[in-house]
S.K.: 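Before I ask anything, let me first share the structure, which is written out below as structure tokens.
Small disclaimer: the values here were computed from a predicted structure and weren't measured. Quick note on labels: first sequence line is chain A, next is B, and so on, each numbered from 1.
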2 protein chains.
Amino acid sequence: MPTIEDVARAAGVSLSTVSYALSGKRRISEATRLRVERAARELGYRPHAGARALASSRSDVIALAVPFRPGLDVQIVMQFVAGVVAAARTHGRDVLLLTADDPEEVARVAASSTADAVVVMDVASDDARLPALRALPVPSVLIGVPDDTRGLSCVDLDFTAAGRLAVSTLAEAGHTTIGLVSASATRLAEGANYAVRMRAGALAGAAAHGVELLQVPSEPTFAGGAAAVQEAFTRGPRPTALVVHNEAALGGVVSALERLGLRVPADVSVVAVAPSEIAAALPIRLTTVEVPGQRIGRIAVEMAMQRMGGDDTAETRLVAPALLDAEVSVARCAAQPA
Amino acid sequence: MPTIEDVARAAGVSLSTVSYALSGKRRISEATRLRVERAARELGYRPHAGARALASSRSDVIALAVPFRPGLDVQIVMQFVAGVVAAARTHGRDVLLLTADDPEEVARVAASSTADAVVVMDVASDDARLPALRALPVPSVLIGVPDDTRGLSCVDLDFTAAGRLAVSTLAEAGHTTIGLVSASATRLAEGANYAVRMRAGALAGAAAHGVELLQVPSEPTFAGGAAAVQEAFTRGPRPTALVVHNEAALGGVVSALERLGLRVPADVSVVAVAPSEIAAALPIRLTTVEVPGQRIGRIAVEMAMQRMGGDDTAETRLVAPALLDAEVSVARCAAQPA
DNA sequence: CTTCACAGTCGAAGCGCTTCGCCATCCAGA
DNA sequence: TCTGGATGGCGAAGCGCTTCGACTGTGAAG
């Protein structure tokens, strides 16, 4: 492998000149710079990442901690990952993937200068990793908002607003009894804060519009979604609309509605809260409150870059929800009978 | 951050002794070693990754190239990724995630000593990245088997055997007309070699048993699977069994069968070729030829480790397929009418 | 009592890069 | 002609680690 010295020799300049010419950190005459660049190109020179990291104390690597827990929704996670990697590359950073659900791993890559920032996914309200993250010698950005955000940078969809938006959309179309197919009771209890916040927003929206909200937790599976529909339409007051915030159950919900002979939106209105890609893969098109995974991943990286740049004010950013395909699966039904 | 020098001072030994004590590369007396380890622990010492990489010319990082192409089956990919990351960690390696479908990226991390091995996923028969991979200054392992494997290490499920196994299982249960719900025609044409090999195996199995194989390509979506079922059961000879090698369409297939009033396995037998996790998430249990993503990912890392260890013989490993839940969704029907 | 092997430790030379301070030029202004 | 600020480039000092050769003391062998 050619080193910077080979380039210097080929270009007839000193080591430091090559470094400055390639990094642009000092003025180098046009002519010299071109000569250096040409030599580098012809030799196929690539700076040794380790040497550079050692000398500059920056690794240009961002660690991404994605705990591969059972029950994790892979589809969603990949959206975030894709956003993170893409954004990192536009900043010339590589992404190191950590999958162990162990703060020690994150501490290791941070303390060994393997990575100079950390993005942590799937953060729970009361996440066990929080103390470790606060103690990190490098900036971190959490995707998800824990209860106590002191000293931590966080970003997520504004799920509260998303819940409110979903319910409002339906309420304004005239629905008065709305079912919320949410995460499983277990997940809710575990403090999966997105689910909790979503529910709070939905409840607030229901209260504001004076409509009834039926909570129907669902397992994150096809069968779970089907069972949730079964439950929603056979027990207690019958909803005329559904908000589904459970990507893995979405397919089951749609399929079960069809099996019950319920047409969307004629017989029942449905609003999905999901990444648009997942909604698009369904057999029917649904009105969707988008969970913009890629965008959030991208923002997480931007926030990390900012903090690497010296701005050490922790900040929580909540991305405003947007409605896709509005009206596609939401029917007006002001006079709908119970 | 404490350096090796701090540890040496705290333990009252020289720099090199610390290095040897912690790495075990030379004999160090028990007493000294314990003293060093204690000092390191108490100081919270972590070797600087860059410095180590520079001095030892090993980064202890494995690059994983996963082209995030549209239409990629995220579920499957994650299986492989999980296997790669887990195996890498057991070898003390971290994983750098590359998602650009560009050999330049791989070349960059290899040439800059950012990674000292590369695992490349989703390799096509005639993959454009092949020349670049052959020219890499570090070992590479491909997941997937291109047409020309010269000089390349490859690993994958033995899809030919898998196809044969799926068809044989059904043929031996008495089926004589079998539908193969495969990847889309586009994918097949693109040279998605797993699909091609699978089909070849299935055809071979059909020929060997003297049964008829109906090919039904399907888009990798729920709707695609449903459409494929529709096509299989309304056009031409009616199959009594289905082999489904299209994970994303699997849900649609099952749902469509149900809608047509076809019971599994009473009316139609079904064998899925899919990761067990995906099969398990379906509303019904299916006989499954497992695509052991995690295992293959793990093997890829083992192969990379081996080549890093100096063994530079390229090798192609095909993992034998296994049948899960045999008989669950395959009915005997030797006397089934056409 | 020397000699020798060997276990255990140390010193120092890099690994390839960044970056700081400094030195030449060169030209404008006095 | 001299001064002084740009401008462009150079030299050298590290960054923190690994690793090679060499050194020391110890006990066994001669």
S.K.: In whole Å, I'd like the distance from the NE2 atom of B/H48 to the P atom of C/dC17.
M.R.: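 B/H48 atom NE2 is separated from C/dC17 atom P by 15 Å.
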
S.K.: Checking contacts here: which listed nucleotide (D/dC15, D/dG9, C/dC17) is nearest the side-chain heavy atoms of A/I28?
M.R.: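 For A/I28, the side-chain atoms sit closest to D/dG9.
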
S.K.: Between A/S14 and D/dC10, is there a contact of a side-chain N or O with OP1 or OP2 at under 4.0 Å?
M.R.: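 Looking at the OP1 and OP2 atoms of D/dC10, one of them is under 4.0 Å from a side-chain N or O of A/S14.
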
S.K.: B/L15 has an atom CG; how far is it from atom C1' of C/dG14, in whole Å?
M.R.: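 In whole Å, C/dG14 C1' lies 14 Å from B/L15 CG.
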
S.K.: Does the distance from a Lys or Arg side-chain N to an Asp or Glu carboxylate O, for A/R134 and A/D148, drop under 4.0 Å?
M.R.: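 So A/R134 pairs with A/D148 through a salt bridge.
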
S.K.: Can you check whether B/S29 has a side-chain N or O nearer than 4.0 Å to OP1 or OP2 of C/dT9?
M.R.: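 Affirmative; the distance criterion is met.
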
S.K.: Kindly say if A/K25 contacts the phosphate of C/dT18, meaning a side-chain N or O under 4.0 Å from OP1 or OP2.
M.R.: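 Checking A/K25 against C/dT18: no side-chain N or O falls below 4.0 Å of OP1 or OP2.
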
S.K.: Please determine, for the side chain of B/R26, which listed nucleotide (C/dC17, D/dC17, D/dA22) has the closest atom?
M.R.: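 Ranking C/dC17, D/dC17, D/dA22 by closest atom to the B/R26 side chain puts D/dA22 first.
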
S.K.: Is A/R41 salt-bridged to A/E37, going by a charged N under 4.0 Å from an acidic O?
M.R.: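 Not counted as a salt bridge, because no side-chain N and carboxylate O are separated by less than 4.0 Å.
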
S.K.: Look at B/S19 and D/dT18 and indicate whether a side-chain polar atom (N or O) is within less than 4.0 Å of OP1 or OP2.
M.R.: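 Affirmative; the distance criterion is met.
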
S.K.: Could you work out which one of D/dG16, D/dC15, C/dT9 sits closest to the side chain of B/T32?
M.R.: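 Nearest nucleotide to the side chain: C/dT9.
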
S.K.: Under a 3.5 Å cutoff, is there a donor and acceptor pairing between the side chains of B/E290 and B/S276?
M.R.: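 Yes.
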
S.K.: How long is the line joining CZ of B/R9 and P of C/dC10, in whole Å?
M.R.: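 Taking CZ of B/R9 and P of C/dC10, I get 14 Å after rounding.
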
S.K.: Could you check B/T313, B/D311, B/D312 and say which one makes a side chain to side chain donor-acceptor pair (under 3.5 Å) with B/Q306?
M.R.: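 By the side chain to side chain donor-acceptor pair (under 3.5 Å) criterion, B/Q306 pairs with just one of B/T313, B/D311, B/D312: B/D311.
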
S.K.: Between C/dC10, D/dT18, C/dT18, which nucleotide gets closest to the side-chain atoms of B/S56?
M.R.: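 Comparing C/dC10, D/dT18, C/dT18 against the side chain of B/S56, the answer is D/dT18.
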
S.K.: Under 4.0 Å, counting only non-hydrogen atoms across every strand here, what does A/S113 touch: a base, just sugar-phosphate, or nothing?
M.R.: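 Touches nothing.
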
S.K.: How long is the line joining CZ of B/R33 and C1' of C/dC10, in whole Å?
M.R.: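 Atom CZ in B/R33 sits about 19 Å away from atom C1' in C/dC10.
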
S.K.: Would you mind reporting whether A/I62 and A/D94 have side-chain heavy atoms less than 4.5 Å apart?
M.R.: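 They are not in contact (no side-chain heavy atoms under 4.5 Å apart), so the answer is no.
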
S.K.: Tell me, do B/I296 and B/F80 make a side-chain contact under 4.5 Å, heavy atoms counted?
M.R.: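 Side chain of B/I296 against side chain of B/F80, heavy atoms only: contact under 4.5 Å found.
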
S.K.: What is the distance, rounded to the nearest whole Å, between atom CG of A/D6 and atom P of C/dG16?
M.R.: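 That distance rounds to 9 Å.
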
S.K.: When the distance from CG of B/L22 to C1' of C/dT9 is rounded to whole Å, what number comes out?
M.R.: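 From B/L22 CG to C/dT9 C1': 15 Å.
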
S.K.: Using the side-chain heavy atoms of A/R27, tell me which of these nucleotides is nearest: D/dT18, C/dA7, D/dG8.
M.R.: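 Closest of the options to the side chain of A/R27: D/dG8.
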
S.K.: Any side-chain N or O of A/Y45 less than 4.0 Å from the OP1 or OP2 oxygen of C/dC17?
M.R.: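 Answer yes for this pair, as a side-chain N or O of A/Y45 is under 4.0 Å from OP1 or OP2.
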
S.K.: Figure out the CD1/P separation between A/I4 and C/dC15, and round it to whole Å.
M.R.: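 The distance from CD1 of A/I4 to P of C/dC15 comes to 14 Å, rounded to the nearest Å.
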
S.K.: How long is the line joining CE of A/M1 and C1' of C/dC17, in whole Å?
M.R.: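 One finds 16 Å between C1' of C/dC17 and CE of A/M1, rounded.
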
S.K.: Looking at B/S16, does any N or O in its side chain come under 4.0 Å of the phosphate oxygens OP1/OP2 on C/dT9?
M.R.: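 Looking at the OP1 and OP2 atoms of C/dT9, neither is under 4.0 Å from any side-chain N or O of B/S16.
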
S.K.: Does any N or O donor sit under 3.5 Å from an N or O acceptor when you compare the side chain of B/Y20 with the base of C/dC10?
M.R.: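 No, the side chain and the base share no sub-3.5 Å donor-acceptor pair.
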
